[in-house]
Amino acid sequence: MLLHSRGKTGEHQPTDINALLAEYTNLAYHGLRARDSSFNVTIDSSYDDSIGQVQAVPQDLSRVFLNILNNACYAANEKRKEAIADFSPTLTVQTKNLGEKIEVRVRDNGQRNSA
């Protein structure tokens with residue numbers, strides 16, 4: 001699964017951001033499921049196919065994606081444990097082509113209310 005971590009560190013190469021994000025979303029989900037079999041989250045993904053390949057350091061991006069996605073899954077799971085009625089953990093993962101930039105959004109619904 002971690003094919004991207006085998007390349008040379010710091011080397012820019014053509015990278016499919018959508019595929020990388022999808023892979024690490026799956027890895028984060030299954031990693032938490034392995035630690036907590038009661039964990040489940042709805043993953044709502046929307047990848048902009050017009051992005052294609054971009055020059056990036058996939059090893060660096062994969063670490064960033066995995067950390068953000070692990071945090072999002074954890075937050076949604078913690079809120080689920082609070083036994084809130086009708087709460088359904090959801091993770092939204094999106095990419096968008098902005099021309100000269102690419103937007104990657106990861107959102108969870110596990111935010112806790114402040115007292």
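Along the sequence shown, residues are numbered consecutively beginning with 1.
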- Query: About how many Å separate CD of Q55 and CD of E11, when rounded to the nearest 0.5 Å?
  - Reply: 9.5 Å

- Message: When you measure from the side chain of N26 to the backbone of A22, do you find a donor-acceptor pair of N or O atoms at a distance under 3.5 Å?
- Response: no

- Message: To check you understand the geometry: which heavy-atom pair defines the closest contact between L32 and Y74, and what is its length?
- Response: CD2-N, 4.0 Å

- Query: When rounded to the nearest 0.5 angstrom, what distance separates CD in Q13 from CD in Q53?
  - Reply: 9.5 Å

- What are the two closest heavy atoms between A56 and L61, and how far apart are they? CB-CD1, 3.7 Å

- Query: Between E78 and K81, is there a side-chain N and carboxylate O pair less than 4.0 Å apart?
  - Reply: yes

- Contact check, side chains of R80 and S38, non-hydrogen atoms, under 4.5 Å: yes

- Message: Checking side-chain polar atoms at under 3.5 Å, does S46 have a donor or acceptor matched by the opposite partner on R105?
- Response: no

- Message: As a quick check of understanding, evaluate side chain to side chain contact (heavy atoms under 4.5 Å, CB included) for I43 and V41, giving each step before the final call.
- Response: CA-CA 6 Å; I43 299 173; V41 66; 4.1 Å; yes

- Query: Within a strict 4.5 Å, meaning less than it, do heavy atoms of the S45 and Q94 side chains meet?
  - Reply: no

- Note on the structure: So CG of N18 and OG of S50: to nearest 0.5 Å the spacing works out to 8.5 Å

- Heavy atoms of V54 and I51 approach each other most closely as CG1-CG2, 4.1 Å

- Query: For the residue pair L69 and A28, what are the closest heavy atoms and their distance?
  - Reply: CB-CB, 3.7 Å

- Taking the side chain from R33 and the backbone from N40, do they hold a donor-acceptor pair closer than 3.5 Å? no

- Could you check if a side-chain atom of D16 sits within less than 4.5 angstrom of a side-chain atom of L20, using non-hydrogen atoms only? no

- Does P89 reach the side chain of N77, with side-chain heavy atoms less than 4.5 Å apart? no

- What's the spacing between I102 CD1 and N97 CG if we round to 0.5 Å? 6.5 Å

- Query: Do the non-hydrogen side-chain atoms of Y47 and V93 ever get within less than 4.5 Å of each other?
  - Reply: yes

- For T42 and S88, work out which heavy atoms get closest and say how close. OG1-OG, 4.1 Å

- Message: Less than 4.5 Å apart, side chain to side chain, heavy atoms only: is that true for Y29 and L91?
- Response: no

- Query: Got N109 and T92 here, is their nearest side-chain heavy-atom distance under 4.5 Å?
  - Reply: no

